[in-house]
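Beneath this line is the structure, given in structure tokens, with notes to follow.
Predicted model, so just to flag it, every value in this text is computed and none were measured. Just so it is clear: chains get the letters A, B, ... in the order the sequence lines come, proteins before strands, and each one is counted from 1.
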Number of protein chains: 2
Amino acid sequence: MSDPGLACCTPLSGTAMSTEQAEQVAPLLKALADPVRLRLLSLIASSTTGEACVCDLNDAFDLTQATISHHLKVLHSVGLLDREKRGVWVYYAVRPEALTAVAGLFQTASLTPA
Amino acid sequence: MSDPGLACCTPLSGTAMSTEQAEQVAPLLKALADPVRLRLLSLIASSTTGEACVCDLNDAFDLTQATISHHLKVLHSVGLLDREKRGVWVYYAVRPEALTAVAGLFQTASLTPA
DNA sequence: ACCTGACATCGACGCTTGTCAATACGATGC
DNA sequence: GCATCGTATTGACAAGCGTCGATGTCAGGT
């Protein structure tokens, strides 16, 4: 659960998705399908250094430190975030490959000319 | 719950996401975060006519008709699918705007050159 | 050695979700 | 009118999820 294949380039339209593909991508989307995790990812992605310390992330929410830690773990476990411990602090960084993998799902889908 | 604003063009990276934005997009992703619904959407999107009859969709799964109907309702309620009754049959079609809205979330995020 | 601060883990709690069997609804055909 | 077929809805159940308080762990500072 820590090194997923990252669901590369699934079409959605074009040809139909296989059951295995769907079961591979769904956990990624499930990890993204929470407002708190979306904001966490966004906060980290929009940071100038591309990473963020947990201490800073905690302050951005009205939630317990345990809850934030849990959400970060979820994002990390599906491969969306990298985790690095530096001294006392822990820094999370977005894995661009993971995001582009998800993007691939919808990009090819938008070529249906209505 | 039947006419959502469809979460247009949220950035993810760039500038951080607002709480309201996150709470608007999350339901869309939550609707997509299920293997059955992913395949349903894919089957409909990859159809030549761009739509699919429920009767055909039922046959593609080892699930009860009630369950498929439920999943289609979820996808419809968040604005991902259009519903049209023709005679005895019901046809579902993908709403391209909804997919592009979701795509917008990740497209801007992929400009990090790794 | 001790305390303190940063983060993770555990156990528990309510709420939501996916699934089914059963039933209801509406259109078609006899 | 009645039986039938396609689809939606209901009610129930187990499983999963988000949240919290409490506790554990590990690194620095005194």
Atom-pair distance ([atom1] on [X]; [atom2] on [N]), nearest Å:
| X | N | atom1 | atom2 | answer |
| --- | --- | --- | --- | --- |
| B:Leu40 | C:dG18 | CG | P | 12 Å |
| B:Asp34 | C:dT16 | CG | P | 18 Å |
| B:Leu32 | C:dG18 | CG | P | 12 Å |
| B:Leu63 | C:dG18 | CG | C1' | 9 Å |
| B:Lys30 | D:dG16 | NZ | C1' | 12 Å |
| A:His71 | D:dC20 | NE2 | P | 9 Å |

Working to the nearest 0.5 angstrom, can you tell me the gap between A:Cys53 SG and A:Glu84 CD?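 One finds 11.5 Å between SG of A:Cys53 and CD of A:Glu84.
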
Do [X] and [Y] have side chains that approach each other closer than 4.5 Å (heavy atoms only, starting at C-beta)?
| X | Y | value |
| --- | --- | --- |
| A:Leu38 | B:Leu29 | yes |
| B:Val94 | B:Leu80 | no |
| B:Asp34 | B:Val74 | no |

For A:Arg37, which contact category applies under a 4.0 Å heavy-atom criterion: base, sugar-phosphate, or nothing?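 Since only primed, P, OP1 and OP2 atoms lie under 4.0 Å of A:Arg37, the category is sugar-phosphate.
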
Is B:Asp62 atom CG crowded by more than 12 heavy atoms from other residues, nucleotides or ligands, each under 6.0 Å away?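 For B:Asp62, atom CG is not crowded (no more than 12 foreign heavy atoms under 6.0 Å).
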
Once you measure the plane-to-plane angle for B:His76 and B:Tyr92, does it fall in the parallel (<30°), tilted (30-60°) or perpendicular (>60°) bin?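 Rings of B:His76 and B:Tyr92: perpendicular, over 60°.
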
At under 4.0 Å between heavy atoms, how does the protein contact nucleotides 6-14 of chain C? Give one character per nucleotide, 5' to 3', with B, S or -. SBBB-----

